Structure formats: structure tokens, C-alpha cells
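Predicted model, so just to flag it, every value in this text is computed and none were measured. We use all heavy atoms of the structure for the numbers below, so side chains are in, but hydrogens, waters and symmetry mates are not.
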Amino acid sequence: MEKKEFDAWLENISATFYTLTDLQKNETLDYLISHSGAVQLRHLSNNLETLLKRDFLRLLPLELSFYLLKWLDPQTLLTCCLVSKQWNKVISACTEVWQTACRNLGWQIDETVQETLYWKKVYLKAVLRMKQLKGHDAFQTASLIGHSARVYALYYKDGLLCTGSDDLSAKLWDVRTGQCIYGIQTHTCAAVKFDEQKLVTGSFDNTVACWDWISGAKSQHFRGHTGAVFSVDYSDDIDLLVSGSADNTVKIWSLSTGTCLNTLTGHTEWVTKVVLQKCEVKSIMHSPGDHILLSADKYEIKIWPIGREINCKCLKTLYVSDDRSISLQPRLHFDGKYIVCSSALGLYQWDFASYEIQRVIKMPDSTNLSLLGFGDIFALLFDNHNLYIMDLRTEKLISRWPLPEYRKSKRGSSFLAGEIGWLNGLDGVNDVGLVFATSMPDHSIHLVLWKENG
């Protein structure tokens, strides 16, 4: 058949084909296929895939493609990069896609950085770190050796760890190198806190003392408690020191003169924790910037206004149960916005503006899990055998690290969390340094440290 004659015939057949019903069109195609040879069938097979499998990512507007891609989970996103060069190009060009993927993994996002390649690299680094956490391969251990008697008190700040011992000494360690920087003779230490110039210690001899790191001399002695001092905190800005004692009281002192300004009563058990912190929220009772004192015993957390009034009254008492068999774990978290404490009933979070319970996290074996640190994304917990990381968005434990037989302390002074910035979200920089420290029966200090992220 000539070309001109064939084109006319084809046009006539096409016009008739368009008038048929779907069923008639299908029957026509079946008839043609049944009369086709190998060449025609191969031609049909090669062209069907192109006609049926349309690349929606190529066809959609770029903005709509980005919107769809940001809903994918990280593993699917990586798989999509392997579909074709076009898909990889589109996915790699969307900054928001990679930022969302990083955020879903618990990573902090700096919105000012819009370079796509940067966020893709951050994402790959985040995937590796999360894989290490879930594979129990994110940490390493070390030991500090130097005390000759049991270590009761620990305090960590900016890469330095202070330890107070029954050997009548306090030592300051560089966690990175494991070297002892300072060592001074003290009383028996039940609690310690330090800064660049001084060390403040609470003691089993019922006193608090302030020491100079350079000279080792005692610069101030605070006498007045009738029981061991289990916790101390201070603020140079307002020249105040607070102490909690086995005599069931909290004392407020002038840091510079050593004068007792106030004695707070109301606790019926040993006061094992005091926290002096600036408030960051506004309520009827306080404003942002106000200094607030928290004191905790076995069953209650009390909130006090900080001032020099003689008749200072407790603003609020928090507890988890009227049942006295339910006690609070010794660690207490307060960041100016939320108060968090663990108990046999779970992890309790109070909103500081309203004093209302905002959240209760029920945990497996919660009677044995204690709080170490609490952030926006992660919480650090531990029991007698393991260190745990919980993703607070899902309330699931995502990582576990074995602990040796460390020295147990009902007051919580012989173990602590290290760097805690990563609890608000990892960023590829803050996952370094100390994670956890605890004293050991052989008088050494056991350290859990971040392993370098490959």
C-alpha cells in the first residue's frame, strides 16, 4: 500500500476507533494483537512502558515535587535518590527536604543555612550517628583514678569534672585528657559545685565551705545546719548560696559574708536537692528573670521565691502521689520553664507557669529508671545496669549502653549527666565529650563519652 493511501486508510480507521465504546476498543485491540507477529509484539512491549509509567516527579511543578518529597521518611528518601538521575537531581536541590529529614532524626536546624549540599551532608552524618545509637555503638568508656576513698560528690561543667571524696580531698579533672588539674584538701564532701575561681562543698560535718582553687585555702565557712549538707547551689549575680540538709531544712546564705539570711522549713524528709535558677516564663507569682529556688526531698518538690524576707513562704508543693510508698528519684531537672522528675509512676513534667502536670511518661520497669537529663527531643535515663536514651517525641527508648557495678546513692550525688545540649537536638557538633559519670566501689570514676562520629 502506498504511503498516501496508507495515511488515508489509517486516518479513517482512527476516526472509527474513536467512536467505539471501551469494550469495543478492547475487543479490537485483542483482535489486532492476536494477528500480530513477533516484530509487532516487541514494538508494542517497548512502547507500553513509556506510555503507562509516567515520571510524575519530572512532570510536576518543582514546588509541588518538593512538597511531596518532604513527607517521605529518611530511608525512602535515600531510595528515591537511586531511581534515576532526574530524581536524584530534584531531591538534592530541595533544602527543605533535607532539613525536614534531619529534623525527623532529632537534629537541630539552623534555618539561616540554605545550602542544599550542606544539609544533605548533615543528613548523612545524622543517619550514621542514629545508626550508632540504635546499634549501641555511639559511646566509649574511660576511668579517672586518684582518690583513695569512696567518692560521694560529682559536678560537671564545660569539660571539667569535680569529685569530692571521703579521703578529705576534692579534685578537678579535664575529662578530655583524664588529667587532674587541681587537688585541694577539704572536709568530707557530700556535694560540690565550682567555677573558675572557687569550689563550694557541702559536707557530712553539717557545714558548707568555699575554697580557692589556686591556693587551696578556705575562703568562707557556712555553719548552721544540724545535719549533713547533701546539696548546694549558688549565684554570684545575686550573692546567694543555698543548701539542703539532712536536718530537713533549706538555708539561704550570703555567698560573700557567710551570713545565714533565711532558714526554710516545711520538708519532712532529708532535703537531697536544691536548685537556684532564673525563671523564663511569666505567671501570677513570678516573671522572667526572677530567681527561683527548688528544693526536693523523698516525696515532694517545693518552690520558693528568692528574697531576703524572714517569713519566706513556699509558693507551691509538687508531688506525684499521696501514697508515701511512691517516692521521687533523686535527680531533678529545672530549666526555668519546666520541672521534671522521675518516680515509680513514671516521668513527670510540670509546666512552671501554671504548676500543672503537663506530661506523664509511663516507662517499662519505671520503678528502676532514674532521670539524668531532659531536653526538647531526648531524655537521658539509667538504671542499675544500663544507660538509656529516650526519644521524647515517641516516648520510646532508642539506645542502651551497659554500665558496670557502680556505687549506688539514694541521694543521687555520685552520678550525673555530662554535656546536655544534645538533649535539645543533635547538631553534629554537640555530640562530643562526657555523657555520664559515676563513682565506683574501687574509688575510681567511670566515664561514658561520645565516640567520634565517623
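Between Leu416 and Leu161, some side-chain heavy-atom pair lies under the 4.5 Å cut-off. For the pair Leu124 and Lys121, the minimum side-chain heavy-atom distance is 4.5 Å or more. Looking only at side-chain heavy atoms (C-beta outward), Leu172 and Leu199 stay at 4.5 Å or farther from each other. A heavy-atom distance below 4.5 Å is found between the side chains of Leu105 and Val127. Side-chain atoms of Asp351 and Tyr338, non-hydrogen and from C-beta on, do get closer than 4.5 Å to each other. Between Glu280 and Pro288, the closest side-chain pair of non-hydrogen atoms is not below 4.5 Å. Side-chain contact between Arg331 and Phe374: absent, with no pair of heavy atoms (C-beta onward) separated by less than 4.5 Å. Residues Leu347 and Leu369 form no side-chain contact, since every pair of their non-hydrogen atoms from C-beta on lies 4.5 Å or further apart.
To the nearest 0.5 Å, the span separating CD on Glu196 from CG on Leu160 amounts to 8.5 Å. Taking CG from Leu264 and CH2 from Trp304, the interatomic distance works out to 4.5 Å, rounded to the nearest 0.5 Å. Expressed to the nearest 0.5 Å, how far CD1 of Ile306 lies from SG of Cys279 amounts to 12.5 Å. Note that CG of Leu154 and OG of Ser165 are 10.5 Å apart. Values are rounded to the nearest 0.5 Å.
Few gaps surround CZ on Phe66; more than 12 heavy atoms of other groups in view lie less than 6.0 Å from it. Annotation for Lys298: atom NZ does not count as buried by contact number, only 12 or fewer foreign heavy atoms lying within 6.0 Å. By the 6.0 Å contact criterion, NZ on Lys157 is enclosed, its count of non-hydrogen atoms from other residues, nucleotides or ligands being greater than 12. Within 6.0 Å of CD1 on Ile420 lie no more than 12 heavy atoms contributed by other residues, nucleotides or ligands. Summarising the local packing, CD of Glu96 is surrounded by 12 or fewer heavy atoms from other residues, nucleotides or ligands at distances under 6.0 Å. Within a 6.0 Å sphere centred on CZ of Arg176, other residues, nucleotides and ligands contribute 12 heavy atoms or fewer.
Side chain of Ser203 to backbone of Thr188: a donor-acceptor contact under 3.5 angstrom is found. Between the Trp422 side chain and the Val432 main chain, no donor and acceptor come within less than 3.5 Å of each other. A donor-acceptor distance shorter than 3.5 angstrom exists from the side chain of Ser219 to the backbone of Cys210, with no hydrogens or angles considered. A donor-acceptor pair is defined here as one N or O able to donate and one able to accept, closer than 3.5 Å; such a pair exists between the side chain of Trp213 and the backbone of Asp195. Under the 3.5 Å distance criterion, the side-chain polar atoms of Lys316 are left unmatched by any main-chain donor or acceptor of Tyr355. At distances below 3.5 Å, at least one donor-acceptor pair connects side-chain atoms of Gln108 with backbone N or O atoms of Gly425. In this structure a side-chain-to-backbone donor-acceptor pair under 3.5 Å is missing from Asp247 to His225. Under a 3.5 Å cut-off, the side chain of Asp297 and the backbone N or O of Val271 do not form any donor-acceptor pair. One N or O on the side chain of Thr95 and one on the backbone of Gln114 form a donor-acceptor pair closer than 3.5 Å. Of the possible polar contacts, none joining the Asn386 side chain to the Arg400 backbone as a donor-acceptor pair under 3.5 Å is found.
Closest approach of Gly336 and Phe352 over heavy atoms only: O-CD2, 3.9 Å. Of all heavy-atom pairs between Ser65 and Leu60, the closest is OG-CB, 3.6 Å. The two residues Val448 and Leu434 make their nearest non-hydrogen contact at O-CD1, 3.6 Å. Looking at every heavy atom in both residues, Gly164 comes nearest to Cys189 through CA-CB, 3.7 Å. Contact record, Gly428 with Lys125: O-NZ, 3.2 Å, taken as the closest heavy-atom pair. The heavy-atom pair separating Leu168 from Gln185 by the smallest distance is O-OE1, 3.2 Å.
A salt bridge links Asp391 with Arg393: the distance from a Lys NZ or Arg NE/NH1/NH2 to an Asp or Glu carboxylate oxygen falls below 4.0 Å. Contact check on Lys198 versus Asp236 returns a salt bridge, with a Lys/Arg side-chain nitrogen under 4.0 Å from an Asp/Glu carboxylate oxygen.
Side-chain contact check for Asp239 and Ser254: at least one donor-acceptor pair (N or O, by modelled atom type) lies under 3.5 Å. Side chains of His187 and Thr201: a donor on one and an acceptor on the other come within 3.5 Å. A donor atom on one side chain and an acceptor atom on the other are found under 3.5 Å apart for Ser370 and Gln329.
Between Trp98 and Tyr123, the angle of the ring planes lies from 30° to 60°, which puts this pair in the tilted group. Taking the six-membered ring where tryptophan is involved, the planes of Phe230 and Trp270 are tilted, since the angle between them lies from 30° to 60°. Ring planes of Phe139 and Trp401: perpendicular class, angle over 60° (limits at 30 and 60°).
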Thr438 vs Leu403, test: side chain to side chain contact (heavy atoms under 4.5 Å, CB included). Steps then yes/no. CA-CA 10 Å; Thr438 184; Leu403 295 175; 5.8 Å; no
Go through the steps to decide whether His221 and Thr207 satisfy the test side chain to side chain donor-acceptor pair (under 3.5 Å), and finish with yes or no. CA-CA 7 Å; His221 210 171; Thr207 70; 3.1 Å; yes
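When each of Val275, Val274, Leu294 is checked for a side-chain contact (heavy atoms from CB on, under 4.5 Å) with Val242, only Val274 meets the rule.
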